[in-house]
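Here is the structure we will look at.
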Amino acid sequence: ASTNNQSVVLHVANTGSAPAVIYKIEVVGVGTNDTYTDTINPGEDEWIVAKVGNCTAGAYYLVKVYTRAGNVYQANAVCKS
């Protein structure tokens, strides 16, 4: 069953030496939130919640987090109902 207007919840940590500016979160095959903006300072971590679209409960999706520095971080996530 599809679940409408889902949010992705991510725990993100900045292990680098410069602030990371996140400007887009994509769940491949589901949707993209390109209005999300956040800055995570070096050594800090945060929980991010971003609306991305519809997903199928129990299915795994590739999640991509884009930073202004040009980095793309990826992880797999499961959709919950």
Practice task
Answer yes or no: is there a side-chain heavy-atom contact under 4.5 Å between Ile48 and Ile25?
Solution key: yes
Handout entry: By side chain to side chain donor-acceptor pair (under 3.5 Å) - contacts of Asn41 (at least two apart)
Key = none
Handout entry: Common cluster, Val65/Val72, ILVMFWY with side-chain heavy-atom separation under 4.5 Å
Key = no
Handout entry: Any Asp34 side-chain heavy atom under 4.5 Å of Lys24 side chain
Key = yes
Problem - Residues that Tyr23 engages under side chain to side chain contact (heavy atoms under 4.5 Å, CB included), provided they are two or more places apart - result: Tyr66, Arg68
Exercise for the section: Report yes if some heavy atom in the side chain of Val49 is under 4.5 Å from a heavy atom in the side chain of Val8; otherwise report no. Expected result: no
Problem - Note, Ile22 side chain near Ile40 side chain (heavy atom, < 4.5 Å) - result: yes
Handout entry: Derivation and outcome, side-chain contact (heavy atoms from CB on, under 4.5 Å), residues Cys55 and Val30
Key = CA-CA 6 Å; Cys55 67; Val30 175; 4.1 Å; yes
Handout entry: Pro19 to Thr39 - nearest heavy-atom pair and separation
Key = CB-CG2, 3.9 Å
Handout entry: Side-chain heavy-atom pair Asn14, Pro42 within 4.5 angstrom cut-off
Key = yes
Completion exercise
For Thr35, the side chain to side chain donor-acceptor pair (under 3.5 Å) test, sequence neighbours excluded, returns Asn33
Problem - Any side-chain heavy-atom pair of Val63 and Glu26 under 4.5 Å - result: no
Problem - Listed partners of Asp45 passing side chain to side chain donor-acceptor pair (under 3.5 Å), at least two apart - result: His11
Exercise for the section: Can you sort out the partners of Tyr61 under side chain to side chain donor-acceptor pair (under 3.5 Å), two or more places apart, ordered by chain and number? Expected result: none
Handout entry: Residue list, side chain to side chain contact (heavy atoms under 4.5 Å, CB included) with Ala69, at least two apart or on another chain
Key = Thr67, Asn71
